[in-house]
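The sequence lines fix the lettering, A, B, ..., with proteins before strands; numbering per chain opens at 1.
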Protein chains: 2
Amino acid sequence: MVQKNKQPPSAAKPQAAKAAAPAEPKRRGRPRAYEPDVALGRALELFRRDGFAATSLDDLSAATGMNRPSLYGAFGDKRALYIKSYQRYRDEARAAMIEIFRAEAPLRDRLARIYAIALDIYLSGASGPRGCFTVMTAASEAVSDPDIRAMVLEGLTEMDKAFSTCFRLAKERGELPEGADPIALAQLASATIHTIAIRARAHVPRKELEAIVQGAIDVMCGPK
Amino acid sequence: MVQKNKQPPSAAKPQAAKAAAPAEPKRRGRPRAYEPDVALGRALELFRRDGFAATSLDDLSAATGMNRPSLYGAFGDKRALYIKSYQRYRDEARAAMIEIFRAEAPLRDRLARIYAIALDIYLSGASGPRGCFTVMTAASEAVSDPDIRAMVLEGLTEMDKAFSTCFRLAKERGELPEGADPIALAQLASATIHTIAIRARAHVPRKELEAIVQGAIDVMCGPK
DNA sequence: ATTTTTTTGTACCATTTCGCATTAAATTCC
DNA sequence: GGAATTTAATGCGAAATGGTACAAAAAAAT
């Protein structure tokens, strides 16, 4: 029961922790046989593919290389692990997009790049396209679980807001006509994200998804 | 173990069957204690709320008033029942919308009515909003189950097509500018359906969803 | 070397889950 | 009324599931 494929020791230090936690402060007992961050990544993969209910602790145990008690000790029960996975997913997604949202570039370019990244996220995955965690599994749990619901809502409005400032800026720069409504446009932009997430899950090929994105951009930005 | 709340005998004859199956042809053995159609409706409700994996046969048995062997005999195993439920959902959704898609009315009106119905479908439900079966649970199963995937794909393209002819007609009638692309617009219209399905599931109140719909209509149809 | 501390790994428990075998009931046909 | 037929109801059983107790293991501290 050991974590296979542990990352090469030098690479990808999970720069999450408190910035300056230099080396290990010499922990006391038996050393961990797993890297919490890679384990969480594996759990995320599973939850994302199969959803909460269809992912068993045995599956998680096998995927993370941790046995159940360790899993439990490190992350809490199944629901806690699910929530942590979702948090991780959102952090990663945000990290992948935030720079482009901030970048100084023409509206069309920025949108195109955002959607390209979204497609990368949704379509990759060893066992078929993975879709979007928020759309595919979290939204399902959201009906009955208030905590997850809050996270989903937060994620949705975060995306709306990012798009909204994007359009507002473009309008100020004269890239959009006077009558354009940044908020309505932002919600359409989010809707486009959602629709490609769903379609990706149904194995719609990337080419078609790109066509949808292009069409949406054209409508939102007006004629070239 | 009897089906409670059986529909009032006169009402709601499930006009599904082969058109002219008049009265019962006097079946031979012990009569059924359940109405297959209402049972399927109950199963649909459950699957829709909890998804495939989180819905147990015991839940289904309790909700339908059929015990497990009867359930099994009538619909086959859990997966078969799920698929039949999904089929039923799509039939109902199609039935609710098809007339409006066909109706002769200004584009804006037709869109508004379509979305109003969609909101009704997504927001109703005793235990919270129910969302869309396709988006919330079928799309999840679609990754790994080819049959369900085929149904999801069919549902998606069906909706795209309906919207597409809608926009094409409107364009021919001069309700849309020359440059309008009916297909791109249709995909945005579908995307709007998808986004409200997701947001409904996260308990976004109807007012907000209506605002999103209105904004989308305005962008798609151009300035009034 | 011994103790202390932390983690691992095995094994277990109670519950749930799916599916089916079997018996009892209700109805039609003869 | 009795045979045949169809369904209901009970309940079994094997497997899976979420969670945990407990002893062995591996490291630092003394």
Side-chain angles (χ1 to χ4, degrees), chain A residues 1-4 6 21-40 42-43 46-47 49-85 137 141 144-145 148, chain B residues 1-4 6 21 23-40 42-43 46-47 49-85 137 141 144-145:
Chain A
M1 183 109 300
V2 176
Q3 232 168 40
K4 290 148 290 188
K6 54 169 64 178
E24 288 81 75
K26 280 224 164 163
R27 305 180 46 84
R28 203 147 125 81
R30 174 170 176 170
R32 289 203 196 107
Y34 60 91
E35 200 71 43
D37 282 281
V38 329
L40 190 56
R42 300 273 165 78
L46 277 204
F47 277 132
R49 193 186 62 199
D50 298 333
F52 178 78
T55 304
S56 74
L57 284 187
D58 277 335
D59 297 336
L60 290 165
S61 177
T64 58
M66 302 164 64
N67 37 36
R68 278 212 299 283
S70 297
L71 214 48
Y72 200 83
F75 302 108
D77 68 3
K78 193 181 169 186
R79 179 170 168 279
L81 178 52
Y82 179 83
I83 290 181
K84 288 197 172 74
S85 298
T137 121
E141 308 301 323
S144 47
D145 189 317
I148 296 176
Chain B
M1 183 109 300
V2 175
Q3 233 168 37
K4 290 149 293 189
K6 56 171 59 176
E24 287 82 76
K26 285 227 164 156
R27 305 181 46 86
R28 203 147 123 85
R30 174 172 177 169
R32 287 202 197 107
Y34 60 90
E35 201 71 44
D37 282 281
V38 330
L40 190 56
R42 301 275 165 78
L46 278 204
F47 277 134
R49 194 186 61 199
D50 299 331
F52 178 79
T55 303
S56 74
L57 284 186
D58 277 336
D59 297 336
L60 291 165
S61 176
T64 57
M66 302 164 63
N67 37 38
R68 276 209 302 286
S70 298
L71 214 48
Y72 199 82
F75 303 109
D77 68 3
K78 193 180 169 187
R79 179 170 169 279
L81 178 52
Y82 179 84
I83 289 181
K84 288 195 171 76
S85 297
T137 121
E141 307 301 323
S144 47
D145 189 317

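Checking D/dA29, D/dG18, D/dA4 against every side-chain atom of A/Leu57, the shortest atom distance belongs to D/dG18. Side-chain atoms of A/Arg27 lie closest to C/dT7 of the nucleotides D/dC12, D/dA8, C/dT7. Considering only side-chain atoms of B/Ser56, the nucleotide from C/dG19, C/dT8, C/dT17 that sits closest is C/dT17. In this structure, the nucleotide among C/dA25, D/dG18, C/dT6 sitting nearest to the side chain of A/Lys78 is D/dG18. Of the candidate nucleotides D/dT6, C/dT7, C/dC20, C/dC20 has the atom nearest to the side chain of B/Arg68.
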Notebook entry, point to check: For B/Thr137 and B/Tyr82, what are the C-alpha separation, side-chain angles and deciding distance, and is it a side chain to side chain donor-acceptor pair (under 3.5 Å)?
Noted result: CA-CA 10 Å; B/Thr137 121; B/Tyr82 179 84; 2.3 Å; yes
Checklist line | Verdict with reasoning, B/Lys78 to B/Tyr72, per side chain to side chain contact (heavy atoms under 4.5 Å, CB included) | finding: CA-CA 8 Å; B/Lys78 193 180 169 187; B/Tyr72 199 82; over 6 Å; no
Check: Does the side chain to side chain donor-acceptor pair (under 3.5 Å) test come out yes or no for B/Ser61 and B/Asp58, once each step is laid out?
Finding: CA-CA 5 Å; B/Ser61 176; B/Asp58 277 336; 5.5 Å; no
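If you find the closest nucleotide of DNA chain C to B/Arg28 and to B/Asp59, the one lying nearer the 5' end belongs to B/Asp59. Mapping A/Ala54 and B/Pro31 onto DNA chain D via the closest heavy atom, the residue that lands nearer the 5' end is B/Pro31. Comparing A/Arg30 and B/Phe52 against DNA chain C, the residue whose closest nucleotide sits nearer the 5' end is A/Arg30. If A/Pro69 and A/Asp58 are placed on DNA chain D by their nearest nucleotide, the residue sitting closer to the 5' end is A/Asp58.
An OP1 or OP2 oxygen of D/dT7 is reached within less than 4.0 angstrom by no side-chain nitrogen or oxygen of B/Ser70. Residue B/Asn67 has a polar side-chain atom (N or O) positioned under 4.0 Å from OP1 or OP2 of D/dA9. Note on B/Tyr72: every side-chain N or O is 4.0 Å or more away from OP1 and OP2 of C/dC18.
The distance from the OH atom of A/Tyr34 to the CG atom of A/Leu71 is 8.5 Å, given to the nearest 0.5 Å. Considering CE of A/Met66 and CZ of A/Arg42, their distance stands at 11.5 Å, rounded to 0.5 Å.
Here D/dT10 presents its C1' atom at 16 Å from CG of B/Leu71, a figure rounded to the nearest Å.
Using a 4.0 Å heavy-atom cutoff across all strands shown, B/Arg32 reaches sugar-phosphate atoms only and no base atom.
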